[in-house]
Amino acid sequence: MSTAEPPQSANSASVGGSERRAPRAWGDHARATGPSLIVHVVYRFAVGGLENGLVNLINRLPPKRWRHAVVSLTSVDAQFAERVARDDVQFVALGKGEGHAIHLYPRLFRLFRSLAPRIVHTRNLAALEAAVPAWLARVPVRIHGEHGRDIDDLDGTSVRRRRVRRAFAPFVTRYVAVSPDLAQYLEGEVKIARSRVQQIWNGVDTETFVPRVGARRPVAGCPFDAAQHWLIGSVGRFDPVKDHATLARAFVSLVANRPALRSRARLVLVGDGATRRDVESILAQAGVADCAWFAGERHDVAHVMQGLDCFVLPSLAEGVSNTILEAMASGLPVVATRVGANAQLVVDGHTGRLVPASAHDAMARSIEGYMNDEASVREHGRNARAVVERRFSLDAMVDGYDDLYGRLCAGASLAGTRASLSPSRIDA
């Protein structure tokens, strides 16, 4: 087996302005062997921010350098998989149930041995343990990405989860954190050496997500009048950590305290999931169910964004929210909770408003402020688009991963037979 300690100089705080380049050794290797395979391991492959980012990455990485396979520990949504534009990507669903994935190790081992990838890239804690069969299968580079937090560990204080991450750390070559706070968590709480952690911002497709030109466009299927109603929108799966209930309560507060707004304010919720019924109940009990539209899962989110007046993200925890970036790229002001990297995406008073998590009254006041100040809506929307173009482009994200993959493969190639069959050293 050939394994290599990660290069000691890679601890980037940003990838903005990076160039797609390969070290000479890796360029020679790619020319000699053709594009190398990356196996991406996720818990599930269906509609979601993490998964959408993976689709963008697969579609944009240079095909002359990289091939791809996607392994889902649970299931693959065939319709969502159609978003992958390349026709050479293999999808594998392992049908995992509840509990530990150790019973999948033999299957993963055989799969990795059969595919012989240069890189296995796992994402989030649920997929982390796939690094073990990848190491056993002698995959040269094992990367793990941290993309956000779960409802049962919102602030990263769970001792058990820190111990689990640390236990698997010897099998990981390099970590990628999508936000500075997640990078700090890995270094400070999990005790991963700084040299093994790289931060790469999520990126948004600024050619697909663009501000509307002229009057607001009707959203296909939406029951509300584009000319008369002011649309408050949110996009995301209905999951406890996304806290749609707070947005529903904020909307109820908005129309209850300002009856004059009831004729204008409308709520558009895109997505589906376990908490949808609870949110529907909150609105129905307040007598405003007719003012809300549950759009379900949509494959035209860019079109939906152009039909909104304001975007709201009520999450209890976030990594780097793709939907915030999409809303900003669409020229919308954003009201978001001050969690995760939201405060590094949304500049309070410049591109949007930040409110405390679970604070529905503060959220309602921020939305009302925009409803009563169209000049701020336009100004903050323009500012948001400019920030995305400057700091959070999809090209910058892809460049960051392309560079990281190339450097790590070059390191593994140069190590050759010098590396021994042992996990990467874990630094205290």
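Side chains included, hydrogens not; waters and symmetry mates left out as well; all remaining heavy atoms used. FYI, the numbering just counts along the sequence from 1. Remember, it's a predicted structure, so these values are computed and weren't measured experimentally.
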Subject >> Contact check, side chains of Arg123 and His121, non-hydrogen atoms, under 4.5 Å >> reply: yes
**OP:** State whether the side chain of Gln199 and the backbone N or O of Val178 hold a donor-acceptor pair below 3.5 Å, judged by distance alone.
**Re:** yes
**OP:** Answer yes or no: is there a side-chain heavy-atom contact under 4.5 Å between Val204 and Asn56?
**Re:** no
Subject >> Exam field: side chain Asp272 to backbone Gly296, donor-acceptor pair closer than 3.5 Å >> reply: no
Original post:
Between Asn52 and Phe80, which heavy-atom pair has the shortest distance, and what is it?
Top reply: N-CZ, 3.9 Å
Subject >> Side-chain donor-acceptor pair present, Ser315, Glu318, cut-off under 3.5 Å >> reply: yes
Original post:
Is there a donor-acceptor pair closer than 3.5 Å between any side-chain N or O of Asn124 and the backbone N or O of Glu146?
Top reply: no
Original post:
Do other residues, nucleotides or ligands put more than 12 heavy atoms under 6.0 Å from Arg163 CZ?
Top reply: no
Original post:
Under 4.5 Å between any side-chain heavy atoms of Phe109 and Leu104, yes or no?
Top reply: no
Original post:
Rounded to the nearest 0.5 Å, what separation is found between the NE2 atom of His68 and the CG atom of Leu57?
Top reply: 6.5 Å
**OP:** List for me each residue that meets side chain to side chain donor-acceptor pair (under 3.5 Å) alongside Glu389, sequence neighbours excluded, and say none if there are none.
**Re:** Arg385
Original post:
Shortest non-hydrogen contact from Asn322 to Gly49?
Top reply: ND2-O, 2.8 Å
**OP:** Could you give me the CA-CA distance, side-chain angles and deciding distance for Gln198 and Arg407, then say whether side chain to side chain donor-acceptor pair (under 3.5 Å) is met?
**Re:** CA-CA 12 Å; Gln198 178 161 339; Arg407 285 188 287 105; 3.0 Å; yes
**OP:** Go through the side-chain N and O atoms of Asp278 and Thr275 and say whether any donor and acceptor fall under 3.5 Å apart.
**Re:** no
Subject >> Under 3.5 Å: donor-acceptor pair, side chain of Thr74, backbone of Tyr43 >> reply: yes
**OP:** Test Leu125 against Val164 for side chain to side chain contact (heavy atoms under 4.5 Å, CB included), laying out the working first.
**Re:** CA-CA 9 Å; Leu125 184 59; Val164 169; 3.9 Å; yes
Original post:
Roughly how far apart are Leu308 CG and Ile232 CD1, rounded to 0.5 Å?
Top reply: 10.0 Å
**OP:** Assess whether side chain to side chain contact (heavy atoms under 4.5 Å, CB included) is satisfied between Glu82 and Val55, documenting all intermediate values.
**Re:** CA-CA 10 Å; Glu82 291 178 358; Val55 168; over 6 Å; no
**OP:** Could you tell me whether a side-chain N or O of Ser234 sits under 3.5 Å from a main-chain N or O of Val312, the two making a donor and an acceptor?
**Re:** yes
**OP:** For residues Phe171 and His144, establish whether the separation of their ring centroids is below 6.0 Å.
**Re:** no
Original post:
Does Arg60 pair with Asp395 as a salt bridge, N-O distance under 4.0 Å?
Top reply: yes
**OP:** Quick one: list whatever passes side chain to side chain donor-acceptor pair (under 3.5 Å) with His303, sequence neighbours left out.
**Re:** none
Subject >> Electrostatic pair Arg67:Asp88 at N-O distance under 4.0 angstrom >> reply: no
**OP:** Write down the atom of Thr337, the atom of Asn342, and the distance for their closest heavy-atom approach.
**Re:** O-ND2, 2.9 Å
Original post:
Would you say the side-chain atoms of Arg118 pair up with the backbone N or O of Cys409, donor to acceptor, closer than 3.5 Å?
Top reply: yes
Original post:
So how far is it from Glu187 CD to Gln184 CD, rounded to the nearest 0.5 Å?
Top reply: 7.5 Å
Subject >> Gap separating the CG atom of Asn202 from the CZ atom of Phe392, nearest 0.5 angstrom >> reply: 9.5 Å
**OP:** Test side chain to side chain contact (heavy atoms under 4.5 Å, CB included) on Thr206 and Val388 and set out the steps.
**Re:** CA-CA 8 Å; Thr206 55; Val388 164; 3.6 Å; yes
Original post:
So, Trp293 versus Phe224, ring centres under 6.0 angstrom or not?
Top reply: no
**OP:** Scan side-chain atoms only and decide if Arg83 and His299 contain a donor-acceptor pair under the 3.5 Å cut-off.
**Re:** yes
Subject >> Test item: Phe168 and Val132 side chains (from C-beta on) under 4.5 Å apart, heavy atoms >> reply: yes
**OP:** State, to 0.1 Å, how close Arg338 and Asp348 come at their nearest heavy-atom pair, and which atoms those are.
**Re:** NH2-OD2, 3.9 Å
Original post:
Short question: side chain of Thr173, backbone of Arg142 - any donor-acceptor pair under 3.5 Å?
Top reply: yes
Original post:
Quick one: are Ile367 and Phe251 in side-chain contact, heavy atoms under 4.5 Å?
Top reply: no
**OP:** With rounding to the nearest 0.5 Å, note down the distance linking CG in Leu354 to CG in Leu345.
**Re:** 9.5 Å
Original post:
After noting the C-alpha distance and the side-chain angles of Arg237 and Val47, does the key distance pass the side chain to side chain contact (heavy atoms under 4.5 Å, CB included) rule?
Top reply: CA-CA 8 Å; Arg237 70 185 187 278; Val47 175; over 6 Å; no
Subject >> Approximate separation, where rounding is to 0.5 Å, of Arg365 CZ and Glu368 CD >> reply: 9.5 Å
Original post:
Between the main-chain N or O of Leu231 and the side-chain N or O of Arg216, is there a donor-acceptor pair closer than 3.5 Å?
Top reply: no
Subject >> Check against side chain to side chain donor-acceptor pair (under 3.5 Å), His350 and His380 >> reply: CA-CA 6 Å; His350 182 69; His380 289 186; over 6 Å; no
Original post:
So, does Thr351 use its side chain to make a donor-acceptor pair with the main chain of Val347 at under 3.5 Å?
Top reply: yes
Original post:
Between Phe45 and Phe91, how do the two ring planes meet: parallel, tilted or perpendicular, split at 30° and 60°?
Top reply: tilted
Original post:
Is there a side-chain contact between Phe238 and Val279 (heavy atoms, below 4.5 Å)?
Top reply: yes
Subject >> Check: Tyr185/Arg165 side-chain N/O donor and acceptor closer than 3.5 Å >> reply: yes
Original post:
Considering only heavy atoms from C-beta outward, does the side chain of Ile119 approach that of Ile143 to under 4.5 Å?
Top reply: yes
**OP:** Would you confirm whether Gln306, through its side chain, and Val210, through its main-chain N or O, come within 3.5 Å as a donor-acceptor pair?
**Re:** yes
Original post:
Any side-chain heavy atom of Met328 sitting closer than 4.5 Å to one from Ile324?
Top reply: yes
